[in-house]
Visitor: 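Got a structure for you, questions after.
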There are 2 protein chains.
Amino acid sequence: MQPPVTTRYKAASGGQLDSVASGHQVDTGSPSETAPERKRFSRPQSVARQLKDWIVEQGLQPGDRLPGEPEMIERLGHAKGTIREALRILETEGLIKTRTGPGGGVFVHAVSDARAQALLANYFYFKDLSIRDIYQLRRLIEPELVAELAGRLDEAALQRLEAVIATTEQVPHTPEEEREQHIASLEFHCILGELSGNPLLGFIVRFQVNVLRELTVHRKLYEPINPELREAGRAYQCRLVQALRAGDGESARAIMTRHMKTAQAMMEAQEATIAQRFLGDSTTGK
Amino acid sequence: MQPPVTTRYKAASGGQLDSVASGHQVDTGSPSETAPERKRFSRPQSVARQLKDWIVEQGLQPGDRLPGEPEMIERLGHAKGTIREALRILETEGLIKTRTGPGGGVFVHAVSDARAQALLANYFYFKDLSIRDIYQLRRLIEPELVAELAGRLDEAALQRLEAVIATTEQVPHTPEEEREQHIASLEFHCILGELSGNPLLGFIVRFQVNVLRELTVHRKLYEPINPELREAGRAYQCRLVQALRAGDGESARAIMTRHMKTAQAMMEAQEATIAQRFLGDSTTGK
DNA sequence: ACAAAGAATTTATCATGATAAATGAATCAT
DNA sequence: ATGATTCATTTATCATGATAAATTCTTTGT
């Protein structure tokens with residue numbers, strides 16, 4: 001499942017940062033002298049930016065430690081409140097975590113998937129994302145995705161997919177179970193996305209799935225339990241895994257294409273407008 | 001109003017929000033179990049959440065006003081610092097803006113595209129995004145995009161595209177000009193994405209373009225000026241617009257497919273190292 | 001040896017002003 | 001009128017502790 005050498009570049013040496021003249025020198029003292037341009041950034045933002053620069057320049061990795069609050073106060077010359085707000089910014093962006101206690105402090109943290117998803121969801125809160133929009137993309141992406149995946153998956157990956165299918169083996173008796181099964185079937189797509197080995201592709205697939213999942217949970221979509229549709233859904237998954245195992249990309253693509261069409265029709269038959277709400281805050285422990 | 005506080009948060013009342021991504025922490029009461037779900041939310045996070053709930057419940061729109069700092073302090077029963085940190089969280093997420101002066105205060109704000117892009121870029125900072133990854137998606141999306149767009153664009157849209165093409169009319173004499181032209185050609189794709197009318201699709205196209213643009217700006221990619229390639233690039237754009245105007249989706253798709261292939265080869269031919277850096281912070285006024 | 005209690009450490013929050021900066025409105029000088 | 005000035009309002013930042021909470025390390029008790 002690994003494509004030829006695709007040079008996975010990382011760690012740029014000179015990777016400078018936004019050249020933005022954050023040029024907010026921290027002269028503790030005479031502020032307004034040559035201040036022709038207005039203050040673009042608040043001080044907490046400036047501090048946050050400086051810390052980001054620091055992370056980039058030093059090539060800090062997740063788990064690495066940043067100076068503690070008191071040291072920042074001294075080194076950056078800002079008040080405690082300002083520093084704290086800056087840390088809060090970075091924490092919101094998902095780039096740091098703070099821990100209390102001995103050995104605690106501020107640590108670099110890789111932005112979690114959940115947080116990125118949540119932040120992106122906020123962006124779409126004021127947009128009108130329709131089911132059609134989402135499926136326009138899904139119908140584009142997922143068939144090709146499985147076509148590429150065909151024959152490239154190892155047994156472990158295939159079994160992972162089959163494990164998800166297994167959770168929908170029993171006929172659901174309650175709406176609760178039915179909902180869970182639907183979520184599981186969405187999970188199926190997430191796994192496919194991850195297996196592509198393309199972080200961007202995987203992320204997008206997951207995002208779409210998350211939006212759809214929200215619909216399911218909060219709008220009681222898929223409420224009417226339809227045995228035939230359910231069985232059809234299961235069948236497609238089974239056949240898909242079969243095609244993937246056989247390395248039959250054409251079939252996989254066809255199966256997924258058909259499924260996308262069906263799923264879209266199903267969803268559109270229900271509600272057409274996506275629930276307007278912020279997604280969760282992704283507290284992402286770890 | 002209420003005496004100091006013990007740890008109190010509103011445990012997701014009403015189920016409007018909360019619970020998404022990552023996990024379902026349906027509190028059962030038993031503290032320690034398979035999921036060491038420690039550390040709930042910090043208070044600033046709780047406050048931020050409450051304000052989000054408020055926004056959702058009241059259906060507040062961009063421009064609407066939120067209570068000012070002092071009122072929040074009183075109504076929510078938290079200290080000023082806590083409130084400020086909460087506001088900083090929301091500001092970082094792009095959901096509010098604060099203004100000083102008379103008539104100033106805290107206002108709901110639609111998350112700007114730039115901010116969403118920057119936040120998403122943070123996520124990919126610690127990932128290894130290769131050019132191949134990006135083009136895998138581009139090659140999937142953009143050909144179909146133009147195929148759908150064919151014949152659906154009004155004259156204004158077409159002229160918008162042509163205007164961008166026009167900027168690359170003159171043969172560039174300096175690397176500077178050459179770089180600007182390349183950026184303009186990327187802009188071409190952004191416009192196509194927007195014209196789709198699909199917010200999600202447009203966003204993804206823009207994100208890809210932004211990542212590639214970063215490359216161009218910071219890594220001197222496309223440095224060697226190649227007249228033939230340049231001309232070929234221009235030609236494809238012209239022919240594409242032509243096909244779009246004629247409503248010839250098949251041709252449009254073919255043209256774009258070819259272009260994607262060429263562009264990817266070009267990018268990969270360079271020592272394309274994806275710049276590891278945080279994108280700008282998107283101050284995005286209005 | 002091992003588990004529970006305690007101590008030490010570090011961030012989190014609270015509390016309380018005071019001063020600075022930004023900005024729209026009203027006012028005043030020309 | 002019109003441009004500059006002052007004023008009032010509201011957030012932004014600074015300053016300075018004092019408590020609280022969460023962890024890890026250490027010391028006990030059995």
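If you're wondering where the values come from, they're calculated on a predicted model, not measured in any experiment.
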Visitor: Crowded around Gln159(B) CD? As in, over 12 foreign heavy atoms under 6.0 Å?
Guide: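 It does: Gln159(B) CD has more than 12 such atoms within range.
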Visitor: Shorter than 3.5 Å, N or O on both sides, protein versus nucleotides 6-9 of chain D: list them out with atom names.
Guide:
unit_1	atom_1	unit_2	atom_2	d
dT9(D)	O2	Pro102(B)	N	3.4

Visitor: Applying side chain to side chain donor-acceptor pair (under 3.5 Å), can you list everything that pairs with Gln58(B), at least two apart in sequence or on another chain?
Guide: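 Partners of Gln58(B) by the side chain to side chain donor-acceptor pair (under 3.5 Å) criterion come out as none, since no residue qualifies.
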Visitor: When all nucleic acid strands are considered with a 4.0 Å heavy-atom cut-off, which category describes Arg99(B): base, sugar-phosphate, or nothing?
Guide: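 Result for Arg99(B) = sugar-phosphate.
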Visitor: Rounded to whole Å, how long is the line connecting atom CD1 of Ile89(A) with atom P of dA12(D)?
Guide: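 For the pair Ile89(A) CD1 and dA12(D) P, the rounded distance is 11 Å.
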Visitor: With a 4.0 Å limit, can you tell me whether Arg84(B) has a side-chain N or O closer than that to the phosphate oxygens OP1/OP2 of dA12(C)?
Guide: no
Visitor: Could you state the CD-P distance from Glu69(A) to dT10(C), rounded to the nearest angstrom?
Guide: 12 Å
Visitor: Atom CE of Met72(A) and atom P of dC14(D): how far apart are they, to the nearest Å?
Guide: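 Between P of dC14(D) and CE of Met72(A): 15 Å.
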Visitor: If only side-chain N and O atoms of Thr98(B) are considered, is one of them under 4.0 Å from the OP1 or OP2 phosphate oxygen of dT10(D)?
Guide: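 Answer no for this pair, as no side-chain N or O of Thr98(B) is under 4.0 Å from OP1 or OP2.
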Visitor: Can you measure Ile96(A) atom CD1 to dA12(C) atom C1' for me and round it to whole angstrom units?
Guide: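 Interatomic distance, CD1 of Ile96(A) to C1' of dA12(C): 14 Å.
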Visitor: Does the Lys NZ or Arg CZ of Arg115(A) fall within the cation-pi geometry relative to Tyr123(B) - under 6.0 Å from the ring centre and within 45° of the axis?
Guide: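 No cation-pi geometry.
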Visitor: Can Glu85(A) and Arg43(A) be counted as an ion pair, charged N to O under 4.0 angstrom?
Guide: no
Visitor: Check whether any side-chain heavy atom of Leu90(A) lies under 4.5 Å from a side-chain heavy atom of Lys52(A), and answer yes or no.
Guide: yes
Visitor: Between Glu91(A) and Arg88(A), is there a side-chain N and carboxylate O pair less than 4.0 Å apart?
Guide: yes
Visitor: CG of Leu87(A) versus C1' of dA12(C): gap in Å, rounded?
Guide: 12 Å
Visitor: For residues Thr167(B) and Ala184(B), report the shortest heavy-atom separation together with the two atoms involved.
Guide: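 Taking Thr167(B) first and Ala184(B) second, the nearest heavy atoms are OG1-CB, 3.5 Å.
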Visitor: Give a yes or no on whether the ring-centroid distance for Phe124(B) and Phe207(B) is below 6.0 angstrom.
Guide: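 Between Phe207(B) and Phe124(B), which both carry aromatic rings, the centre distance is below 6.0 Å.
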Visitor: If you look at every heavy atom in Gln61(A) and Val108(A), which pair is closest and at what distance?
Guide: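 Of all heavy-atom pairs spanning Gln61(A) and Val108(A), the closest is O-CB, 3.5 Å.
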Visitor: Specify the separation, in whole Å, of atom CZ of Arg65(B) and atom P of dT10(D).
Guide: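 About 7 Å, once rounded to whole Å.
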Visitor: In whole Å, what is the span from the CD1 atom of Ile83(A) to the P atom of dA12(D)?
Guide: 17 Å
Visitor: When you check the phosphate oxygens OP1 and OP2 of dA21(D), does a side-chain N or O of Arg43(B) lie under 4.0 Å from one of them?
Guide: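 Answer is no, no contact under 4.0 Å.
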Visitor: Could you run down the sub-3.5 Å N/O contacts of the protein with nucleotides 15-18 of chain D?
Guide:
unit_1	atom_1	unit_2	atom_2	d
dG17(D)	O6	Lys80(A)	NZ	2.9

Visitor: Phe41(B) CZ to dT13(C) C1': how many Å, rounded?
Guide: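 These atoms are roughly 18 Å apart.
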